[in-house]
Amino acid sequence: MTVTTNTVTDLYPTRGTTEVTVPRQDPVLWGSPDTPGPIPAADLQAYERDGFLAIDQLITEDEVAVYRQELDRLVNDPAIRADERSIVEPTSKEIRSVFEVHRISEVFANLVRDERVVGRARQILGSDVYVHQSRINVKPGFGASGFYWHSDFETWHAEDGLPNMRTVSVSIALTENLDTNGGLMIMPGSHRTFLGCAGATPKDNYKKSLQMQDAGTPSDEALTRMASDHGIKLFTGWAGSATWFDCNCMHGSGDNITPFPRSNVFIVFNSVENTAVEPFAAPVRRPEFIGARDFTPVR
């Protein structure tokens, strides 16, 4: 049973007794075509059509080295490992993700404020933005597990209370993304249909879902249908490349069984005009290090 005190209309029902599909009720691009920013008009049109935008080099090789060094420092810091913001692999017990990195690291805070980063978010969302979530994903070789197919918005709507699809993510590669080391996969065009998943949300679901997703997982039948309709795009690129993608894209990544690590920094920007309310399909909010309640615009 959904427990919520929202007065906001729920445009995207999910976590009910059956799986449902709902056409997108929100724009993909919230800014006007002449909104100033670093994204060319043709790329904005491609983003609106496909739900994503790949950039060959968002940050330089020298900058990559700085962020890699900071990632290594965080992952190897015993205090960070002991913090609840660190998520470990269920089998190897190695760190899988560290959340809220823009708050625990001034190096990553500077990246969030970089106009090459936040400027693109403002351009897509048509407003000032705040950080709904940030993290580093560490995918070392020889067995790091992947992230199963999902729509981020389905989780952020159900468990964090984001009302509308006015949120964009950027994944910035800190190691080379090969076609073999567990890279990001997106179904192009899937952002135009919301898939409401079946099954109630357990209390404190995040403790399990951040290691291995269960609640909010699409059925095999739905994924087969969506993949048949949209296809699957695998993203590769050098360290320093980046992929921007809409919050409702169906996406995932495979395990990394190669010797070659795949690490990235992941930043989620939400419009200040789309701030979180109470969860739409969960008994309690997730912790603020996963779903922010500080809506201060990035400056």
Side-chain angles (χ1 to χ4, degrees), residues 2-15 22-33 35-39 44 47-48 50-53 99-100 102-103 112-113 115 117-135 150-171 186 190-197 201 206 216 243-251 266-282 284-299:
T2 299
V3 179
T4 177
T5 58
N6 284 335
T7 57
V8 179
T9 301
D10 185 357
L11 299 176
Y12 302 104
T14 189
R15 311 286 174 96
V22 178
R24 186 187 184 106
Q25 305 296 301
D26 294 305
V28 177
L29 292 176
W30 289 78
S32 64
T35 299
I39 308 176
L44 280 174
Y47 176 89
E48 184 173 31
D50 298 328
F52 59 79
L53 176 63
F99 281 80
E100 218 171 35
H102 71 295
R103 292 195 180 279
V112 165
R113 293 190 291 262
E115 191 60 26
V117 177
V118 69
R120 284 177 165 86
R122 294 192 191 108
Q123 195 175 2
I124 290 169
L125 300 181
S127 70
D128 279 334
V129 298
Y130 71 94
V131 177
H132 177 70
Q133 183 186 107
S134 72
R135 67 178 188 260
H150 63 286
S151 154
D152 286 329
F153 179 76
E154 192 278 337
T155 298
W156 299 337
H157 182 70
E159 301 185 39
D160 296 338
L162 294 192
N164 297 98
M165 295 179 183
R166 198 170 180 179
T167 314
V168 64
S169 301
V170 60
S171 175
I186 294 178
S190 59
H191 62 305
R192 295 193 174 276
T193 302
F194 176 75
L195 181 63
C197 299
T201 309
Y206 76 95
T243 305
W244 291 85
F245 59 102
D246 180 84
C247 58
N248 191 46
C249 282
M250 189 61 66
H251 67 288
F266 183 78
I267 307 164
V268 180
F269 293 101
N270 188 39
S271 169
V272 296
E273 299 171 11
N274 187 45
T275 54
V277 294
E278 291 303 310
F280 285 88
V284 294
R285 302 174 181 176
R286 297 195 298 176
E288 292 194 25
F289 70 84
I290 301 174
R293 294 279 161 170
D294 179 350
F295 310 132
T296 305
V298 176
R299 298 291 188 215

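Everything numeric in this text was worked out from a predicted model, so none of it was measured.
Y130 and N270 form a side-chain donor-acceptor contact under 3.5 Å, judged by distance and modelled atom types alone. In this model, no donor atom of one side chain and acceptor atom of the other lie less than 3.5 Å apart for S127 and E273. For the residue pair S171 and T243, no side-chain donor N or O sits within less than 3.5 Å of a side-chain acceptor on the partner.
Side-chain contact between R113 and H102 is absent, with no heavy-atom pair separated by less than 4.5 Å. With a 4.5 Å cut-off on side-chain heavy atoms, N274 and P163 count as touching. Side-chain contact between N248 and F194 is present, with at least one heavy-atom pair separated by less than 4.5 Å. At least one side-chain heavy atom of L53 sits under 4.5 Å from a side-chain heavy atom of I39.
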- Item | Test log, rule ring pair (Phe, Tyr, Trp, His ring centres under 6.0 Å), inputs F269 and H132 | CA-CA 6 Å; F269 293 101; H132 177 70; over 10 Å; no
- Message: Applying salt bridge (charged side-chain N to carboxylate O under 4.0 Å, His left out) to R24 and D246, what does each step give before you reach the verdict?
- Response: CA-CA 12 Å; R24 186 187 184 106; D246 180 84; 3.0 Å; yes
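In this structure, D152 CG and T167 OG1 are separated by 9.5 Å, a value rounded to the nearest 0.5 Å. The CD1 atom of I290 lies 9.5 Å from the CZ atom of R135; values are rounded to the nearest 0.5 Å.
Without hydrogens or angle criteria, E159 side chain to A282 main chain gives no donor-acceptor distance under 3.5 Å.
With salt bridges taken as basic N to acidic carboxylate O contacts below 4.0 Å, one links R103 and D294.
Ring geometry for F289 versus F99: interplanar angle over 60°, hence perpendicular rather than tilted (30 to 60°).
Checked against the 6.0 Å centroid threshold, F52 and Y47 do not count as a close aromatic pair.
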